[in-house]
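Keep in mind that the numbers below use all heavy atoms, side chains included, and drop hydrogens, waters and symmetry copies. To find a chain, count down the sequence lines: A is the first, B the second, and so on, and within it residues start at 1.
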There are 2 protein chains.
Amino acid sequence: MVNNTDPLDDIFKALADPTRRAMLVALKTGDQPISTLAAPHSMTLAGASKHVGVLEAAGLVTRERQGRTHIISLRADRLREAEDWLEAMRGFWSERLDALERALSEES
Amino acid sequence: MVNNTDPLDDIFKALADPTRRAMLVALKTGDQPISTLAAPHSMTLAGASKHVGVLEAAGLVTRERQGRTHIISLRADRLREAEDWLEAMRGFWSERLDALERALSEES
DNA sequence: GCTATAGTCAACCATATGGTTAACAATACT
DNA sequence: AGTATTGTTAACCATATGGTTGACTATAGC
């Protein structure tokens, strides 16, 4: 039973939901309990809990129990992985830009 | 009937699949027909076609028909949108690093 | 004209996803 | 002790997703 899935799968899948992205943005201002994260999104606490679960499974977020509340915090290193992939993809972008500039300067 | 979905939804959803990411990477080396994109992934052409469709719907890729083959090319600006969001999120990252450094220097 | 190639499209299938409700556990408050 | 709060878990539902097969269109090559 090999673990056959790229962590990027989980990271990007977690980022693909607007509610989850909003939660991450909210966490920029500091660690927060799940109920606070849930508040702005008209949905059950159970629903929000599942979203947090997805973020946690993707490694984008960490949970620390404090009594009955669970404090959630961002994990920047994991966000970094997604950004690194995109940055690597952008390698192409600059190459293409160079090619375009060459083409344009030859034209003039 | 309002279009209620953030383009980032589609972009990240498209990036969440390993086959699709591999196709994008393959496209870094230049525009390619769908069959070429499909080749490395043991799946039907119809399956690959659907993946390309998802990438196209997300705006990550462009299609130009040339006779019976469809030439696919990367659209960097759209990749950029995802990267920008992550970069904005990373604002938090540097703040946190600063806080950590402050804490460490006070300790010593 | 015939055949092979490149691709789409529709129908179908199994599984994943986003959400709900209801029941429960654990902690806090009075 | 009793009640309210925070959160999890399981069961369920509708829809989306990743993949297939099969029928079809259109172009290319002999």
Side-chain angles (χ1 to χ4, degrees), chain A residues 1-24 26-27 30-73, chain B residues 1-24 26-27 30-73:
Chain A
M1 186 175 113
V2 241
N3 187 2
N4 209 17
T5 59
D6 192 321
L8 283 176
D9 289 11
D10 295 323
I11 297 177
F12 282 127
K13 213 171 295 180
L15 293 176
D17 184 273
T19 305
R20 248 127 51 191
R21 284 200 308 278
M23 285 178 167
L24 292 178
L27 284 171
D31 303 350
Q32 295 178 36
I34 298 191
S35 44
T36 304
L37 288 175
H41 315 283
S42 55
M43 71 168 49
T44 2
L45 186 57
S49 172
K50 276 172 85 172
H51 278 302
V52 171
V54 172
L55 290 171
E56 196 181 11
L60 291 171
V61 123
T62 286
R63 174 192 313 244
E64 189 190 352
R65 268 197 70 165
Q66 265 179 24
R68 69 183 159 179
T69 83
H70 299 208
I71 304 296
I72 308 300
S73 35
Chain B
M1 188 175 112
V2 241
N3 186 2
N4 209 16
T5 58
D6 193 321
L8 283 175
D9 288 12
D10 294 324
I11 297 178
F12 281 128
K13 213 170 294 179
L15 293 175
D17 184 273
T19 305
R20 247 125 53 190
R21 284 200 308 277
M23 286 179 167
L24 292 178
L27 284 171
D31 303 351
Q32 293 178 37
I34 298 192
S35 45
T36 305
L37 288 175
H41 315 283
S42 54
M43 71 167 49
T44 0
L45 186 56
S49 171
K50 275 171 83 171
H51 278 302
V52 172
V54 172
L55 290 171
E56 196 181 10
L60 290 170
V61 124
T62 286
R63 173 191 313 243
E64 188 191 353
R65 268 197 72 165
Q66 266 179 23
R68 68 182 160 179
T69 82
H70 299 208
I71 304 296
I72 309 300
S73 36

Establish, with yes or no, whether the OP1 or OP2 oxygen of [N] is under 4.0 angstrom from a side-chain nitrogen or oxygen of [X].
{"X": "B:S35", "N": "C:dG7", "result": "yes"}
{"X": "B:S49", "N": "C:dG7", "result": "no"}
{"X": "A:R65", "N": "C:dA26", "result": "no"}
{"X": "A:R20", "N": "C:dG18", "result": "yes"}

Taking [atom1] from [X] and [atom2] from [N], how many angstroms apart are they, rounded to a whole number?
{"X": "A:E56", "N": "D:dT9", "atom1": "CD", "atom2": "C1'", "result": "15 Å"}
{"X": "A:L55", "N": "C:dG18", "atom1": "CG", "atom2": "P", "result": "10 Å"}
{"X": "B:H51", "N": "D:dG19", "atom1": "NE2", "atom2": "C1'", "result": "8 Å"}
{"X": "A:M23", "N": "C:dG18", "atom1": "CE", "atom2": "P", "result": "12 Å"}
{"X": "B:Q66", "N": "D:dT27", "atom1": "CD", "atom2": "C1'", "result": "13 Å"}
{"X": "B:K13", "N": "C:dG18", "atom1": "NZ", "atom2": "C1'", "result": "10 Å"}
{"X": "B:Q32", "N": "C:dG7", "atom1": "CD", "atom2": "C1'", "result": "16 Å"}
{"X": "B:D17", "N": "D:dA16", "atom1": "CG", "atom2": "P", "result": "18 Å"}

Measure from the side chain of [X], starting at C-beta and using heavy atoms only, and say which of [options] lies closest.
{"X": "B:T44", "options": "D:dT21, D:dG18, C:dA22", "result": "D:dT21"}
{"X": "B:K50", "options": "D:dT21, D:dG7, D:dG18", "result": "D:dG18"}
{"X": "B:M43", "options": "D:dG19, D:dT21, C:dA6", "result": "D:dG19"}
{"X": "A:H70", "options": "D:dG7, D:dG19, C:dA6", "result": "D:dG7"}
{"X": "A:A46", "options": "C:dT21, C:dA6, D:dT6", "result": "C:dT21"}

Could you check whether B:L45 gets within reach of a base, just the sugar-phosphate, or nothing at all, counting any heavy atom under 4.0 Å? base
Heavy-atom nearest nucleotide on DNA chain C taken for A:A48 and for A:G67; more 5' hit belongs to A:A48
Quiz prompt | B:H51 side chain reached by B:M43 side chain, heavy atoms, under 4.5 Å | solution = yes
In terms of heavy-atom contacts, A:S35 and A:L45 come closest through CA-CD1, 4.0 Å
Tested for side chain to side chain contact (heavy atoms under 4.5 Å, CB included) against A:I72, the lone hit among A:T62, A:L37, A:D31, A:L55 is A:L37
- Within the side chain of A:R21, is there an N or O that forms a donor-acceptor pair under 3.5 Å with the backbone of A:M23? no
Any donor-acceptor N/O pair under 3.5 Å between C:dT27 base and A:R68 side chain = yes
Yes or no on side-chain contact (heavy atoms from CB on, under 4.5 Å) for B:I11 and B:D6, after CA distance, side-chain angles and deciding distance?
CA-CA 9 Å; B:I11 297 178; B:D6 193 321; over 6 Å; no
